[in-house]
Protein chains: 2
Amino acid sequence: METSDLKKAGLKVTLPRMKILEILENSETRHLTAEAIYRELLDSGEEIGLATVYRVLTQFEAAGLVCRLHLEGNQAVFELERGGHHDHIVCNQCGRVEEFFDETIENRQREVARQHGFSIKDHALVLYGDCSDSACPHRPV
Amino acid sequence: METSDLKKAGLKVTLPRMKILEILENSETRHLTAEAIYRELLDSGEEIGLATVYRVLTQFEAAGLVCRLHLEGNQAVFELERGGHHDHIVCNQCGRVEEFFDETIENRQREVARQHGFSIKDHALVLYGDCSDSACPHRPV
DNA sequence: AATAGAAATGAGAATCTTGATCATCGAGCC
DNA sequence: GGCTCGATGATCAAGATTCTCATTTCTATT
């Protein structure tokens, strides 16, 4: 991610924006809440307000730099817009988020929409389940 | 919907609960916000608090009597759990909600989850588009 | 039908997430 | 270096939902 992306979006290159981009790029999880980003900023000694984090993320979303997901739970999560579109699987136990893309599902969605007389513009698909990560605190032993 | 459904769920049969069930059953749209239900209660002269509406809906959800959807927009909508599972298409313009069920999508979801080592428990799929309802206030003339 | 015990309710306060306000500050251009 | 406007931070505000707690109402039992 380059500062040129910010300029292209008509946004000034400021310290808060660069720091937030940095966190989004370097995060392990790739899916962060505004609060999580805010806490990371504080931890690294940056004095950036929570309002700025929300504002910047909203601008990034409008500029197509990040996308916002509403998973279960009340906080939205943000991820860098890297490759193309994809959907998500979330582990009910550990909260891990994985991404997937399935051409068949995409096609069927368009077909279903057509059958209902809709021209589809967007969709939200999230699968919830239990993952098989050994580190995942599965309830079922 | 019977009062026996309430009893089975371990819930006392009370006036607020019955009135709320009634509204869910008789509503045209089938998808109502807590606020909308609250307003209908007021309109029909019932003195039921908004907190009760939320509480009851949450209990109904836990009992499997209704399900809660988070469409775009900040308010959740509730619908009676009638037949089986289905997903939703929402019109971006008029907000109309339609239901659909597609076996192919369901199967692919299970398959995708399996490939990622998840045992899928649930999913949320919402398609957004523009509907072809003549009453729909489409922006494109 | 009266009653005790538990559960449900209503009103308002509280919470949580997010967006708005406004004075101050800093980036980008001369 | 200085100017102009966008950006920031702190605080406040809004909207949705839940919590608290005193009061009411079911339900089972007498």
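A quick note: this is a predicted structure, and the numbers were derived from the prediction, not measured. Letters go in sequence order (proteins before strands), and every chain restarts at 1.
Rounded to an integer number of Å, the gap from Gln59(B) CD to dC19(D) C1' is 14 Å. Rounded to whole angstrom, the span from the CD1 atom of Ile20(A) across to the P atom of dA7(D) amounts to 13 Å. Atom pair Gln75(B):CD and dT18(C):C1' shows a separation of 15 Å (rounding to whole Å applied). Computed from coordinates, the Leu6(A) CG to dG28(C) C1' distance equals 14 Å when rounded to whole Å. Rounded to a whole Å, the NZ atom of Lys7(A) is 17 Å from the C1' atom of dC5(D). The interatomic distance linking Lys19(B) (NZ) with dG10(C) (C1') rounds to 18 Å, in whole Å. If you take OH of Tyr38(A) and P of dG19(C), they are 16 Å apart, rounded to a whole angstrom. Between the CD1 atom of Ile37(B) and the C1' atom of dA16(D) there is a distance of 14 Å, given to the nearest Å.
Within the 4.0 Å cut-off from OP1 or OP2 of dT18(C), at least one side-chain nitrogen or oxygen of Tyr54(A) is found. An OP1 or OP2 oxygen of dT8(D) is reached within less than 4.0 angstrom by a side-chain nitrogen or oxygen of Thr14(A). Between Thr58(B) and the phosphate of dT18(D), there is a side-chain N or O to OP1/OP2 separation shorter than 4.0 Å. Regarding contacts with the backbone of dT18(C), every side-chain N or O of Arg55(A) stays at 4.0 angstrom or more from both OP1 and OP2.
In this model, a donor atom of one side chain and an acceptor atom of the other lie less than 3.5 Å apart for Glu79(B) and His86(B).
Side-chain N or O atoms of Ser132(A) include one that pairs as donor or acceptor with a backbone N or O of Gly117(B) at under 3.5 Å.
Contacts of Glu47(B) with the nucleic acid, taken as non-hydrogen atoms under 4.0 Å apart, involve only primed sugar atoms and P, OP1 or OP2. No engagement by Ala34(B) is indicated, since no non-hydrogen atom pair under 4.0 Å with the nucleic acid exists.
Between Ile120(B) and Arg114(B), the closest side-chain pair of non-hydrogen atoms is not below 4.5 Å.
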Identify all side-chain donor-acceptor contacts of residues 53-67 of chain B below 3.5 Å with residues at least two apart in sequence or on another chain.
residue  : atom : partner  : partner atom : Å
Arg55(B) : NH2  : Thr52(B) : OG1          : 3.1
Thr58(B) : OG1  : Tyr54(B) : O            : 2.8
Thr58(B) : OG1  : Arg68(B) : NH2          : 3.1
Gln59(B) : OE1  : Arg17(B) : NH2          : 3.2
Glu61(B) : OE1  : Arg68(B) : NE           : 3.0
Glu61(B) : OE1  : Arg68(B) : NH2          : 3.1

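Of the candidate nucleotides dT8(D), dT17(C), dG28(C), dT17(C) has the atom nearest to the side chain of Asn74(A). The side chain of Arg68(A) lies closest to dG19(C), out of dG19(C), dT17(C), dA8(C). When distances are taken from the side chain of Lys12(A) to each of dT9(C), dG15(D), dC5(D), the shortest belongs to dC5(D). Picking from dC19(D), dT18(C), dG9(D) the nucleotide with the shortest atom distance to the side chain of Ile48(A) gives dG9(D). Of all nucleotides listed (dG9(D), dA20(C), dT27(D)), dT27(D) comes nearest to the side chain of Val13(B).
In the hydrophobic cluster analysis, where Ile, Leu, Val, Met, Phe, Trp and Tyr join through side-chain heavy atoms closer than 4.5 angstrom, Phe101(A) is grouped apart from Tyr128(A).
Judged by closest nucleotide on DNA chain C, Gly49(B) is the one of Leu15(A) and Gly49(B) placed further toward the 5' end. Each of Leu50(B) and Pro16(B) was matched to the nucleotide of DNA chain D holding its nearest heavy atom; the match closer to the 5' end belongs to Leu50(B).
Here the two rings, on His123(A) and His85(A), have centers that are under 6.0 Å apart.
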